[in-house]
**Student:** 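What follows is a single structure, and I will ask about it in a moment.
Here is the naming used below: chain letters follow the sequence lines, and residue numbers restart at 1 for every chain.
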Amino acid sequence: MKIPSVKGFHDVLPGESARWSRLEATAREVFLRYNFAEVRLPIVERAELFRRSVGETTDIVEKEMYAFEDRDGTEVTLRPEGTASAVRSYVEHTMQAAEPVTKLFYFGPMFRRERPQRGRLRQFSQIGVEVFGRDDPGIDAEVLLLMSDLLRAFEIESGEIGVNTLGCSECRPGFRSALVAWGESKRDAICGDCQRRLEQNPLRLLDCKQPGCEALRETAPKMLDHTCLACGEHFARVRQLCEFQGVELALRPYMVRGLDYYCRTAFEVTAQGLGSQNAIGGGGRYDGLVRSLGGPAVGGIGFALGVERLALVLEAQGVEPPSTTPEFFVAPLGSAAEEHAFALAHRLRSAGTGVEVDAGGKSLKSQMRRAGKTGAPYVIILGEDEVAQQTITVRDMEARADRRNVVGLDTNLEDLRAALQAARSTEEQA
RNA sequence: GUGAGUGUAGCUCAAUCGGUUAGAGCGCUGGACUGUGGCUCCAGAGGUUGUGGGUUCGAUCCCCAUCACUCACCCCA
C-alpha cells in the first residue's frame, strides 16, 4: 500500500536539489561579503510569537498557521515566517549587548496552510536576512543592494524590485483614516472583497486586482503624500542611495505588505515565469517590532526570498541545475576484478576525487554505456588481463583512446592524473 | 477558503459513437559488436487507465464521491 505525501508538502528530488544547493551556497557567499552571520532557528515556536508580531487579523495568523497544543499544554506552531523567530532569538540572547548592530541570515522551511498552487506550497523554503540596531536610510539601501546583488548572483534575469513607504506610527494613522474616508466614499463602486477590507485591513484596498478597483485607485490617497517629514526624508534618501549604486527601484505607491509589523521602507521582488504567484521575495523595515517583543528599542529591517520560486524562475529561464560528474568510472569485469576495483576506487576517493564503481557481472559494453551517461571523463577498465598484469586500462572518453599499462593497479590519484595528462600531450604532438 | 479544469507506462501524449488484446515517442534493459560509450537498427521489460462506487451486455470514455495536481480568486515567498 502506497502512502502518499501530504498535500502541499513536496519532495525536492536529486535533479532539483542541486539547484537548491547552488542557491544556498551562492547566498551564503554573498551574505558573508556583507558581513552577515548565519543563525539556525527552530521550526516550532510559540503561537503567540506570530500573533503578536505578524498580527492577529492577518490571514497568516488567522487561518494559515499549523498551530497545536503541545502535550504540556503549550500553544505552539510551525513557523509561518522567519522574521519573528529571528527577533525572538535576538531578544532572547540579548544580542544588542554584544554589538550595536546585528546582521543575521537564515535558510529554512516555513509553513502556511494555503490552497496549494504552482509556486505556493504549504511547506516552502526561505532565504532570509535581518538587521537589528540601525534605523538610518543607509542600512535600508545596503539591504536593498544586498538583495539586488543576490538576484544577480543567482542569475535571475527578470527580477524587479518595487518599493514603497508605509509610514510610521506618527503618520500612518492619518493616512489610514484618509484611506478609509476615500473607501467609504467609493463603497458602492468597489468590489466585495474591498468592502470587507475596508473594515479589516484598509491598506489592502490599494493592491486589489479587480479591474474596477484598479481603475478607481488613481483617485485613492497615497502614503507617499501623507508621510511625516522624517518618513518622507528617510524614503527619499533610501531611493537616492540606491540610485547612486545603480540599483533600480520601481516606485509602487500602492504596494502594501501582508504582515502588520512593517513600517517605512517596504519592498518586494517580482519575476517572470511564475503566473500569478510572481513574488519571489519581499521585505521591509519593522522599527517597533523588537521592542514589542520585549527587546530594546532598536530598529530592524529584513527580507526573505522564496527558494521554490527562485528555482521556478531559473527553470523558466532555461537555466539547468548544476550537475556533478565523477572524474572516474570504474568498470570491473568479473568478481576477481571487483575487489581490486573497490580498493582502487577507495584510494582515489580518499585522495579527494569522485569515483563511480559499476557492478562486475555486467558486460563491458553495458558498463561503458552507463559510464558515458555519467559523463565521467575517464573509465577505468579492470578485467582479467589487467589483474594478471597488475595494471589498469583507462579509457579517455573525450580522446576516445585507451591508455594501457601507463600505471600500476596500485596507482595513486596524482600519478594516475599525471600519466593521463602525459598520454594526451604526446598524442597531441604526434 | 471560493470558482473552474486535468488525472492513461518513469516522462510527454494517443486510443473512432461506450466495443472486447489500451498504443506511440522519449527514457530504461539487452542485442547487433564473445573486452569498449555517444549514432543507427532490432528486441524486451514496464499499465488494477489516480482511488472508490454507480449506470451498462460491455466503461479510459457517461454519472457520483474522493484524492492529487493545474489555473484564477484570495494570500504571499
Side-chain angles (χ1 to χ4, degrees), chain A residues 1-10 13 15 23 54 58-64 80-83 107-128 147 159 191-194 196-197 201 204 207-211 213 255-259 262 267-271 274-283 302-313 329 331-334 337 358 362-386 393-404:
Chain A
M1 177 97 178
K2 276 194 222 169
I3 301 174
S5 63
V6 176
K7 180 181 191 152
F9 290 73
H10 287 191
L13 299 173
L23 284 170
V54 174
T58 57
D59 280 14
I60 292 176
V61 168
E62 239 176 15
K63 42 198 181 193
E64 295 175 1
E81 60 111 33
T83 299
F107 302 111
M110 306 295 164
F111 304 83
R112 294 181 200 168
R113 202 182 181 291
E114 297 187 89
R115 176 99 164 239
Q117 238 175 274
R118 182 182 174 77
R120 186 217 260 176
L121 296 172
R122 292 181 172 181
Q123 175 178 331
F124 61 99
S125 282
Q126 291 192 331
I127 296 176
M147 195 167 73
C191 70
D193 278 328
C194 279
R196 181 178 52 79
R197 291 185 180 110
N201 193 353
R204 284 267 155 206
D207 68 348
C208 183
K209 285 184 220 160
Q210 294 295 319
C213 299
M255 187 190 80
V256 294
R257 309 245 62 222
L259 292 76
Y262 286 116
F267 49 92
E268 65 185 26
V269 197
T270 52
L274 289 174
S276 63
Q277 306 300 318
N278 65 345
I280 56 174
F303 66 79
L305 297 167
V307 181
E308 288 81 359
R309 292 187 184 177
L310 290 170
L312 284 172
V313 172
F329 185 101
L333 299 167
D358 210 351
K362 297 201 284 182
S363 72
L364 179 58
K365 182 175 189 61
S366 86
Q367 296 199 53
M368 286 300 294
R369 244 202 298 264
R370 210 165 92 74
K373 226 174 308 169
T374 65
Y378 301 104
V379 179
I380 295 172
I381 298 166
L382 254 179
E384 283 171 26
D385 301 352
E386 284 81 3
T393 295
V394 182
R395 174 79 176 171
D396 184 326
M397 297 297 268
E398 199 190 322
R400 318 198 62 185
D402 282 356
R403 315 295 186 206
R404 293 177 198 274

**Student:** N/O contacts under 3.5 Å, protein versus nucleotides 49-53 of chain B?
**Tutor:**
none

**Student:** Using only modelled atom types and a 3.5 angstrom limit, is any donor from either the side chain of A/R120 or the base of B/rC75 paired with an acceptor on the other?
**Tutor:** yes
**Student:** Under 4.0 angstrom, heavy atoms only, what part of the nucleic acid is A/D193 near: base, sugar-phosphate, or nothing?
**Tutor:** sugar-phosphate
**Student:** Is it the case that the base of B/rG35 and the side chain of A/E386 share a donor-acceptor contact (distance under 3.5 Å, atom types as modelled)?
**Tutor:** yes
**Student:** Determine the Euclidean distance between corresponding P atoms of B/rC17 and B/rG30; express it in Å to zero decimal places.
**Tutor:**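 Roughly 42 Å separates the two P atoms.
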**Student:** Tabulate protein N/O versus nucleotide N/O from nucleotides 4-13 of chain B, keeping only pairs under 3.5 Å, one per line.
**Tutor:**
none

**Student:** When you compare B/rG23 with B/rU60, how far apart are their P atoms, in angstrom units rounded to a whole number?
**Tutor:**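 Nearest-Å result for B/rG23 against B/rU60 at atom P: 13 Å.
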**Student:** For A/Q277 and B/rU70, give me the distance from atom CD to atom C1', rounded to whole Å.
**Tutor:** 12 Å
**Student:** Heavy atom of residues 369-380 of chain A under 4.0 Å from RNA chain B: which residues?
**Tutor:**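 Under 4.0 Å from RNA chain B: A/R369, A/K373.
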**Student:** Regarding A/I381, tell me which of base, sugar-phosphate or nothing describes its non-hydrogen contacts under 4.0 Å with the strands shown.
**Tutor:**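 Base contact.
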**Student:** By the 4.0 Å heavy-atom rule, please label A/R204 as base, sugar-phosphate, or nothing.
**Tutor:** sugar-phosphate
**Student:** Please state whether the base of B/rC76 and the side chain of A/R309 form at least one donor-acceptor pair under 3.5 Å?
**Tutor:**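 When only heavy-atom distances are counted, A/R309 does reach the base of B/rC76 through a donor-acceptor pair under 3.5 Å.
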**Student:** With C1' as the reference atom in both, quote the distance from B/rA14 to B/rG25 in angstrom, rounded to an integer.
**Tutor:**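 11 Å, rounded to whole Å.
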**Student:** Expressed as a whole number of Å, how far does the P atom of B/rG44 sit from that of B/rC63?
**Tutor:**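 These two P atoms come out 38 Å apart once rounded.
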**Student:** Base, sugar-phosphate or nothing for A/G82? Non-hydrogen atoms, less than 4.0 Å.
**Tutor:**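 The residue A/G82 makes no contact with any strand.
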**Student:** Heavy atoms under 4.0 Å, any strand shown: does A/K365 hit a base, just sugar-phosphate, or nothing?
**Tutor:**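 Answer is base: heavy atoms of A/K365 come under 4.0 Å of a base.
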**Student:** Which atom pairs, one a donor and one an acceptor, fall under 3.5 Å between side chains of residues 367-376 of chain A and the rest of the protein, sequence neighbours left out?
**Tutor:**
unit_1 : atom_1 : unit_2 : atom_2 : d
A/Q367 : NE2    : A/P332 : O      : 2.8
A/Q367 : NE2    : A/K362 : O      : 3.4
A/R370 : NE     : A/D358 : OD1    : 3.3
A/R370 : NE     : A/D358 : OD2    : 3.4
A/R370 : NH2    : A/E356 : OE2    : 2.8
A/T374 : OG1    : A/A371 : O      : 2.7
A/T374 : OG1    : A/A376 : N      : 3.2

**Student:** Regarding A/Q117, tell me which of base, sugar-phosphate or nothing describes its non-hydrogen contacts under 4.0 Å with the strands shown.
**Tutor:** base
**Student:** Within the pair A/S366 and B/rU29, is there a side-chain N or O less than 4.0 Å away from OP1 or OP2?
**Tutor:** no
**Student:** For A/K365, check salt bridge (Lys or Arg N to Asp or Glu O under 4.0 Å) against everything at least two apart and list the hits.
**Tutor:**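 Scan of A/K365 (salt bridge (Lys or Arg N to Asp or Glu O under 4.0 Å), adjacent residues dropped) gives none.
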**Student:** Any donor-acceptor pair under 3.5 Å joining the side chain of A/Q123 to the base of B/rA77?
**Tutor:**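 For A/Q123, whose side chain was compared with the base of B/rA77, there is no donor-acceptor pair (under 3.5 Å).
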**Student:** Using the P atoms only, state how far B/rA24 lies from B/rC67, rounded to an integer number of Å.
**Tutor:**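 Each nucleotide's P atom is 36 Å from the other's.
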**Student:** Tell me whether the side-chain N/O atoms of A/R122 come closer than 4.0 Å to OP1 or OP2 in B/rG1.
**Tutor:** no
**Student:** Taking Watson-Crick and G-U wobble pairs with both distances under 3.5 Å, convert RNA chain B into its dot-bracket string, 5' to 3', dots for unpaired and | for cross-strand pairs.
**Tutor:** (((((((..((((.....[...)))).(((((.......))))).....(((((..]....))))))))))))....
